[in-house]
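Every number for a ligand or one of its atoms is a count from 1 in the order of the listing.
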Amino acid sequence: MAPAHPTLFFGTAIFGSAQAPSLTSPEAVSDLLNGVHTLGITQLDTAARYPPDNTGASERLLGAAQAGAVSSGFTINTKVLLAGSSSDGTLSKDAVRASVTNSLKTLGIEKVGILYAHAPDNVTPLEEQAEAFNEQYQKGYCEAIGISNFPLDMLERYLAICEEKDYIKPSVYQGEYNLISRDLEAALIPLLRKHNIKFVAYSPLGGGFLSGKLTAGNAEGTRLTSPLAQRFRQIYDHPEFHDKIRRLQEIIQPLGISPTGAALRWLAFHSLLREEDGIILGARRIEQVRENVKEIALGPLPASVAQLITALNE
Ligand SMILES: NC(=O)c1ccc[n+]([C@@H]2O[C@H](COP(=O)([O-])OP(=O)(O)OC[C@H]3O[C@@H](n4cnc5c(N)ncnc54)[C@H](OP(=O)(O)O)[C@@H]3O)[C@@H](O)[C@H]2O)c1
């Protein structure tokens, strides 16, 4: 029997992007999704913003590929539109209404799975934001409310408002989490546990950094060397992270474990994630998804290896 692990989601942030020229037609997206479904993945992650270099194309391609049709077997989870370079003002009642109306129309569905706030809006009163999401839930436009990228204090205040006003509380939090990005472990994940909120981890491979390609100097042609992947280079392309990749290689190479396999198996079985949580896999090609799902199916890493990997950040 396959080892139990967090639910796997498939991320569609690069659909329609110049970072993934092979994923710009509904036919190509449909082919990829058929492969993804064959692997047992039924949850898709998108956003009104995706991809950042061609806003809206991910939802448009998913809609054109009829990924949300009941027969497709997928649940589509999306996020309220982030317009421009700042998220301020994007979670007002009007903005949330307009974004959800447009997402449902574009996707050709009546309801999404999780409807997320994509990023903090520091201008709209938090009371209005919570009311806006409650309204969408009450209208039946989503199965659940999610929050992504909110800092701890803002999430705490949001939850307090929901309790006070009897609004639907978020039941999912989406944040960046992988073996070298573990800041959320200290306080945010414990807060989620206290409120029974599931954690869905994005960038399990640090946008590809954990494959070791950038450290080895052979990342040409991958997302990491594209001008659009600046965010990942800003986060990970630093000497201390390259050192961690080298140390990781030293630990796993003698055992024939690949860096991507180690990263995904660590996250699925040795991190703070639980079975009820989620991991969003990102990939440009179906072969990568196959490889990643196969790695996770191998189950936990040998205990001594897991300990050494966990200690890389301590
Ligand atoms: N809420 C948010 O703010 C937020 C932010 C970021 C992402 N997300 C969500 O999370 C999803 C996944 O994020 P991510 O794309 O950053 O995930 P990731 O798993 O960290 O990175 C995916 C990239 O890693 C490389 N890769 C994947 N499998 C590989 C393998 N087996 N061997 C070698 N390289 C491999 C591929 O790029 P190359 O082939 O080019 O190297 C792939 O595009 C997104 O699509 C989106 O849905 C959400």
Against ligand 1, does [X] come closer than 4.0 Å with any heavy atom?
{"X": "Phe232", "value": "yes"}
{"X": "Tyr50", "value": "yes"}
{"X": "His118", "value": "yes"}
{"X": "Thr260", "value": "yes"}
{"X": "Lys79", "value": "yes"}

Hey, are [Y] and [X] close enough side-chain-wise for a donor-acceptor pair under 3.5 Å?
{"X": "Ser103", "Y": "Glu59", "value": "yes"}
{"X": "Asp53", "Y": "Gln19", "value": "no"}
{"X": "Tyr202", "Y": "Asn149", "value": "yes"}
{"X": "Tyr177", "Y": "Asp277", "value": "no"}

message: Any carboxylate oxygen within less than 4.0 angstrom of a Lys/Arg side-chain nitrogen, looking at Arg246 and Asp243?
response: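 Result for this pair is yes, salt bridge flagged.
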
query: With a 4.0 Å cut-off, would you call Glu131 and Lys93 a salt bridge?
result: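 Looking at Lys93 together with Glu131, the answer is yes, because their closest N to O distance falls below 4.0 Å.
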
Say whether, by atom type as modelled, one donor and one acceptor occur between the side chain of [X] and the main chain of [Y] under 3.5 angstrom.
{"X": "Arg265", "Y": "Ile296", "answer": "no"}
{"X": "Thr225", "Y": "Ala219", "answer": "yes"}
{"X": "Lys198", "Y": "Tyr173", "answer": "no"}

- request: For the pair Phe10 and Phe15, name the ring-plane relationship: parallel under 30°, tilted 30 to 60°, perpendicular over 60°.
  value: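 Because their plane-to-plane angle lies in the 30° to 60° range, the rings of Phe10 and Phe15 count as tilted.
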
task: Can you establish whether the number of heavy atoms outside Glu287 located under 6.0 Å from its atom CD is more than 12?
output: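 Enclosed.
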
Any N or O of [X] that comes nearer than 3.5 Å to an N or O of ligand 1?
{"X": "Leu281", "answer": "no"}
{"X": "Arg223", "answer": "yes"}
{"X": "Gly206", "answer": "yes"}
{"X": "Ser211", "answer": "no"}
{"X": "Thr46", "answer": "no"}
{"X": "Gly207", "answer": "yes"}
{"X": "Leu205", "answer": "yes"}

To check your reading of the model: name the closest protein heavy atom to [atom], its residue, and the distance in Å.
{"atom": "atom 11 (C) of ligand 1", "result": "Ile280 CG2, 3.5 Å"}
{"atom": "atom 41 (O) of ligand 1", "result": "Lys213 NZ, 2.5 Å"}
{"atom": "atom 3 (O) of ligand 1", "result": "Asn149 ND2, 2.9 Å"}
{"atom": "atom 25 (C) of ligand 1", "result": "Gly208 CA, 3.8 Å"}
{"atom": "atom 6 (C) of ligand 1", "result": "Tyr202 CD1, 3.2 Å"}
{"atom": "atom 13 (O) of ligand 1", "result": "Ser203 N, 3.6 Å"}
{"atom": "atom 47 (O) of ligand 1", "result": "Asp45 OD2, 2.6 Å"}
{"atom": "atom 39 (O) of ligand 1", "result": "Gln288 NE2, 2.8 Å"}

Could you list which atoms of ligand 1 come closer than 4.0 Å to a heavy atom of [X]?
{"X": "Glu291", "answer": "31 (N)"}
{"X": "Ala13", "answer": "44 (C), 45 (O), 46 (C)"}
{"X": "Thr222", "answer": "38 (P), 40 (O), 41 (O)"}
{"X": "Asn292", "answer": "27 (C), 28 (N), 29 (C), 30 (C), 31 (N)"}
{"X": "Thr12", "answer": "45 (O), 47 (O)"}
{"X": "Arg284", "answer": "38 (P), 39 (O), 40 (O), 43 (O)"}

[X] to [Y] - nearest heavy-atom pair and separation:
{"X": "Val123", "Y": "Gly89", "value": "CB-N, 4.1 Å"}
{"X": "Pro170", "Y": "Ile197", "value": "O-CG1, 3.4 Å"}
{"X": "Gly261", "Y": "Ser258", "value": "N-OG, 2.9 Å"}
{"X": "Leu205", "Y": "Asn292", "value": "CD1-ND2, 4.2 Å"}

message: If we set the cut-off at 4.0 Å for heavy atoms, which region of Ser148 has an atom near ligand 1: side chain, backbone, both, or neither?
response: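 It is the side chain that gets close, since no backbone atom is under 4.0 Å.
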
field: ligand 1 contact on Leu210 by region, counting heavy-atom pairs under 4.0 Å
entry: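 Near ligand 1, Leu210 shows nothing, with every heavy atom at 4.0 Å or more.
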
field: Point-to-point distance, once rounded to the nearest 0.5 Å, from CG of Leu301 to CD of Glu295
entry: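 It comes to 9.0 Å.
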
Value rounded to 0.5 Å, distance of CG in Leu267 from CG in Leu273: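 The CG atom of Leu273 is 4.5 Å from CG of Leu267, to the nearest 0.5 Å.
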
Option set Ala119, Gly282, Gly11, criterion heavy-atom distance to atom 27 (C) of ligand 1, minimum: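 The nearest heavy atom belongs to Gly282.
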
